[in-house]
Amino acid sequence: MSLSQMQVFNEYVMPATLETLDQMLEAFNAASNGAIVLSPDGFTGDFLQQSFFQNLGAAQRRVNRYAAQAAVTPVDLTELQNTTVKVAGGFGPVRYEPSQMTWLQRPTVQGIEVASKAFAEILLKDQLNTAIAALVAAITAQAGATNDVSATLGITQSALNNSHAKFGDASQSLVAQVMQGSTWHKLVGQGLANSSNLFEAGNVRVVDILGKTSIVTDAPALMQTGTPNKEIILSLAAGAALVHDSRDIISNVQTTNGLTRIETTIQVDYSFGMGLKGYTWDVANGGKSPTSAALATGTNWDKTATSIKDTAGVALIGDAAK
């Protein structure tokens, strides 16, 4: 691979990555029933702010036609705001020697394909893991959305069903479950035998369990260390998390001299937006361009929906050792 060919690599690595990522996003969104939506539509600035009107269910009342007239306290038409926050990330630098490619007589297009696919999978993993961490933080901060049996029990089908009951008559709107591979195998061991794969990329797998889609991925946020160690299953509504890919991938290839052999490094910067159904990013507490720790902090996600049924979903927490 000559230095002039390296310029071709620099020009085409980003478009190839974006095309690969688009294909992976489409496949993931379809397979996960839209519970976690990975969108190619970005936004400008640090935040995306959207307004909506508060639920007016409290305005309904009973009337006694035979009673004397009395004053009624009005319910104000209130407009609320949900905020999506932009998250920044980087890839590399990855270092290699151009002479390695020329020595092996490898074509430039092969390097483009390998690099773009690897980066697309890493970006997909980051977006998914960040969405899961934010969902765990926001949902488990709400007692009304969490079934925590970890003090005495582990993950069971019965406990999972009880977590769905947190949504009451809206439990059918929970379209997908998110769990670690070890958790999924526990459920399989308890007799849940359906394991047809719907989508697979890297360590992310979408499977079907008893007619309900389950996203199986070893996201760190689904396992929490402590006494006891806890594992978490998220059961999510459609649109529980919306990830906006900002399409602002910036890649740079730099070739340097000064060593016995020429070295080349590749580095990429990227960003994406993160928003949760029924929750708003707390701009004052969480700030802009947040860290992973800030995104995984429950107090940085404020519930805006009146009812738990109108939020992202519910969580089951069990003792990981049982």
For [Y], does its backbone N or O pair with a side-chain atom of [X] as donor and acceptor, under 3.5 Å?
X    : Y    : result
T304 : G278 : yes
Q177 : I215 : no
D218 : G181 : yes
N147 : K166 : no
T264 : T255 : no
K277 : A35  : no

Nearest-0.5 Å distance, [atom1] of residue [X] to [atom2] of residue [Y]:
X    : Y    : atom1 : atom2 : result
D319 : K230 : CG    : NZ    : 9.0 Å
N300 : Y279 : CG    : OH    : 14.0 Å
L276 : L295 : CG    : CG    : 9.5 Å
L234 : I36  : CG    : CD1   : 7.5 Å
T130 : M274 : OG1   : CE    : 5.5 Å
T84  : K86  : OG1   : NZ    : 11.0 Å

Write down the atom of [X], the atom of [Y], and the distance for their closest heavy-atom approach.
X    : Y    : value
L135 : A241 : CD1-CB, 3.9 Å
A145 : I139 : O-CG2, 3.8 Å
Y270 : D126 : OH-OD2, 2.6 Å
P290 : V85  : CD-CG2, 3.6 Å
A237 : L174 : N-CD2, 3.9 Å
A321 : K186 : N-NZ, 4.5 Å

(message) Starting from V37 and following side-chain heavy-atom contacts under 4.5 Å between hydrophobic residues (I, L, V, M, F, W, Y), which residues can be reached?
(response)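 Noted: V37 shares its cluster with L242.
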
(message) If the condition is salt bridge (charged side-chain N to carboxylate O under 4.0 Å, His left out), which residues does K309 pass it with, not counting sequence neighbours?
(response)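 K309: salt bridge (charged side-chain N to carboxylate O under 4.0 Å, His left out) contacts with D169.
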
(message) Determine whether Q224 and I317 satisfy the following criterion, side-chain contact (heavy atoms from CB on, under 4.5 Å), listing intermediate values before the conclusion.
(response) CA-CA 10 Å; Q224 297 180 350; I317 306 177; 5.6 Å; no

(message) Quick check: is M223 connected to L316 through a chain of hydrophobic side chains (ILVMFWY, heavy atoms under 4.5 Å apart)?
(response)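 No, no single cluster joins them.
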
(request) Using the side-chain contact (heavy atoms from CB on, under 4.5 Å) rule, take I249 and L123 through it: C-alpha gap first, then chi angles, then the decisive distance, then the call. (result) CA-CA 10 Å; I249 296 175; L123 180 54; 4.2 Å; yes

(request) Could you verify whether a donor N or O on one side chain and an acceptor N or O on the other, from H164 and S235, lie under 3.5 Å apart? (result)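 S235 and H164 do have a side-chain donor-acceptor pair below 3.5 Å.
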
(message) Under a 3.5 Å threshold, yes or no: a donor from one side chain and an acceptor from the other, between T146 and D148?
(response)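 The criterion, which ignores hydrogens and geometry beyond distance, is not satisfied for D148 and T146.
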
Should [X] and [Y] count as side-chain neighbours, where that means a heavy-atom distance under 4.5 Å?
X    : Y    : answer
Q142 : K303 : yes
P220 : N129 : yes
W184 : I155 : no

(request) Any chance you could lay out the side-chain contact (heavy atoms from CB on, under 4.5 Å) test for I233 and L187, step after step, and finish with the verdict? (result) CA-CA 11 Å; I233 295 180; L187 294 177; 4.1 Å; yes

(request) Take the angle between the ring planes of W301 and W281 and call it parallel below 30°, perpendicular above 60°, tilted in between. (result)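 Plane angle over 60°, so perpendicular.
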
(message) Tell me every residue that passes side-chain contact (heavy atoms from CB on, under 4.5 Å) with P93, counting only those two or more places apart in sequence or in another chain.
(response)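 Applying side-chain contact (heavy atoms from CB on, under 4.5 Å) to P93 gives T265, Q267.
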
